[in-house]
Amino acid sequence: MTHEKPCLDRAALVEVTGGNRDLERQLFRHFVGVSSGDAARLRRAISQRDCGQAALAAHRLRGASSTLGAAALADACQRLERAARDGRMDLVEAHIGAFEEQLRRVVDYLSKADGDAD
Amino acid sequence: MRETASPHIQPDLASLSFLVVEDDPFLRWMLEQLLLRAGAARVACAPDGDAGLEMLERERFDMMFCDLDMPRMDGIELMRCLATGTRVPAVIVCTAHDEPLIAAVSGIAKARGVPLVGAIAKPVTAANLAAALAGQMSGYREQPGLPHSVLSMVDASTLAAAMQAGEVHAWFQPKIDIEMGHLAGGEALARWTRPGGGTLLPAQFLSDIRREGLMQPFTLLIARQAIRGCASWRRAGIAAPVSINVDPDVFADEWLVEELSTIVLEEGLCPRDVILEVTESPAAVSSPRDLETLTRLRMRGFGLAIDDFGTGYSSMSQLVRVPYTELKIDRSFVQGAVTRKTCRAVVRSCADIAATLGIASVAEGIETDGEWALTRELGCSMAQGWRFGKAMPWARFVGLARQLRKAPLQAPA
């Protein structure tokens, strides 16, 4: 129904979990929880113009999304992390929209997949 | 000699306890989950080095997974603190870094006496974890003095029975004349083929052998098979010496010189057909006794190779004190040489030193034509590595030797 690329690489995910469905389900839930916390931390850092905290939050989000196999989201996090490391809050603000969009897609996908699996 | 394990060997985790020190909460959770699902008896987690050290004070862990990049106390500092403690777990580092850095960390761990047994590449996945646990690690060195093998914990009677039953045997890896592409020798490497399937590398059982005090019979078993193998390929018309790894533990023993001389005679060879490879380590060649053993071996005509040259302790002073006949340049320099100027300089210097001394220089760990061409250009005289062949059973080695005699490999331009 949509021509968008899937936001999650299921084949890569099998390598991550070793094909364990229970772990996969837990991983999805855990990711949703952790990423919402880190995204909130990221938004707060931006509102406080704190590049150090923004870089840290983006770094964590990048690690978690690349573990999950969410490549586009991981890329968006990496752009944020680089900009924040360089002290370029203007670039962080320029990239935050794309990040929010990718995060929303991944979280939507995970919530649906979780429902399917049950 | 340093080898990587095949990933299909799955260690038994049920008797082991793990500590995960990782600042990233997501990765920490992931490792914990994967370890528990792999059957680990206990998994504890710490968000930083200080917390990790505190837990190690209170509880004994068999193995620690340690992130290298952590705020406040990084993985290297953690290992330094670890070394001062009494209960040092085996360590696997988790890192997104490349091989040279892992090799550097491995060297630091070794210097501190911390048993670094593996590295796990990020992202942390079930596949990466299985590989790390099976002992697969680039730049990994088997650590002398491991408190115990984290993979097996095999007892003396099992080991002795395995040796008796012929499960422990020598395989051979070819050494190639770097210029002519013909066979220049074979290095004997121990393998333990278990009846249930799976072949173990020395890194996976040497610490058991050492702990159980079986280094002497093990060394003699491998030496006899290696020398016998060499004798039979000489009878088949292949004139190439055999190399045998000798653990620093056995240097101090008087029997080594006599036993080796006897085996060589019994198998109808000369000592010059046999090269003994000595790995650099703090324990190696530190006492007058070790020096005496090596000098006597050399006087009888055995070849002496300094293994993994450049990575260990006082390489240069060892080179000055011991009458080596061959210098084996560590694979980390060889493989780094293609991309890194520093490594290239090290390889060139090693080859120059060997040439000046009139001894052979062997480039270890050659996996590609590019590495072959470069080490040849840098002046090495021999090459060894997967490009030419992994360690293989005797019959296959002889087959390869025959083939190389008919058609030597063409050195790449």
Side-chain angles (χ1 to χ4, degrees), chain A residues 8-42 50 52-75 77-78 81-82 84-85 103 106-107 110, chain B residues 7-14 18 20-40 43 45-48 65-75 92-98 119-134 136:
Chain A
L8 210 69
D9 182 348
R10 295 302 289 240
L13 194 61
V14 170
E15 217 168 274
V16 174
T17 61
N20 185 316
R21 288 304 296 264
D22 174 56
L23 175 57
E24 184 181 298
R25 199 156 48 230
Q26 284 205 37
L27 176 65
F28 287 1
R29 286 182 191 160
H30 189 69
F31 180 87
V32 172
V34 166
S35 63
S36 79
D38 280 332
R41 219 161 282 137
L42 176 63
D50 185 340
Q53 284 302 317
L56 188 64
H59 177 77
R60 284 185 173 187
L61 282 160
R62 176 164 68 92
S65 25
S66 64
T67 298
L68 193 68
L73 177 57
D75 285 348
C77 297
Q78 187 171 23
E81 186 186 346
R82 279 213 194 109
R85 287 247 156 96
L103 180 64
V106 170
V107 170
L110 295 183
Chain B
H8 64 268
I9 300 159
Q10 273 300 321
D12 178 20
L13 305 189
F18 294 84
V20 175
V21 184
E22 163 71 63
D23 66 308
D24 185 310
F26 190 80
L27 288 181
R28 200 163 63 227
W29 176 87
M30 194 69 208
L31 259 174
E32 182 187 19
Q33 293 298 317
L34 288 172
L35 283 167
L36 285 171
R37 280 171 165 77
V43 184
C45 292
D48 57 45
F65 283 81
C66 168
D67 185 16
L68 281 183
D69 281 321
M70 289 186 289
R72 289 190 301 279
M73 181 189 292
D74 65 28
I92 289 187
V93 291
C94 310
T95 177
H97 290 290
D98 57 353
I120 179 166
K122 286 182 178 176
V124 172
T125 67
N128 284 349
L129 178 69
L133 286 174
Q136 179 158 322

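Numbered from 1 within each chain, the chains take letters A, B, ... in sequence-line order.
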Residue set satisfying salt bridge (charged side-chain N to carboxylate O under 4.0 Å, His left out) with D24(B), at least two apart, ordered chain then number -> none
Not counting sequence neighbours, which residues clear side-chain contact (heavy atoms from CB on, under 4.5 Å) with L56(A)? List them please. Q53(A)
Around atom CZ of R82(A), are there more than 12 heavy atoms from other residues, nucleotides or ligands closer than 6.0 Å? no
Nearest heavy-atom neighbours spanning A126(B) and G18(A): CB-N, 3.4 Å
Pairwise side-chain contact, T67(A) with T125(B), heavy-atom cut-off 4.5 Å (strictly under): no
Non-hydrogen atoms of P25(B) and H30(A) that approach each other most closely: O-NE2, 4.3 Å
If I compare all heavy atoms of F26(B) with all of L27(A), which pair ends up nearest, and what's the gap? CZ-CD1, 3.4 Å
For the candidates S66(A), G63(A), A64(A), which exhibits the highest count of non-hydrogen atom pairs separated by less than 4.5 Å from chain B? A64(A)
Please rank L13(A), D22(A), T17(A) by heavy-atom pairs under 4.5 Å with chain B and give me the top one. D22(A)
Of the backbone (N, CA, C, O) and the side chain (C-beta and beyond), which part of D38(A) lies under 4.5 Å from a heavy atom of chain B, both, or neither? neither
Report which part of D23(B) has an atom under 4.5 Å of a heavy atom belonging to chain A: side chain, backbone, both, or neither. backbone
Check against side chain to side chain contact (heavy atoms under 4.5 Å, CB included), M30(B) and V16(A): CA-CA 9 Å; M30(B) 194 69 208; V16(A) 174; 3.3 Å; yes
How many angstroms lie between atom CZ of R60(A) and atom CG of L27(B), to the nearest 0.5 angstrom? 10.0 Å
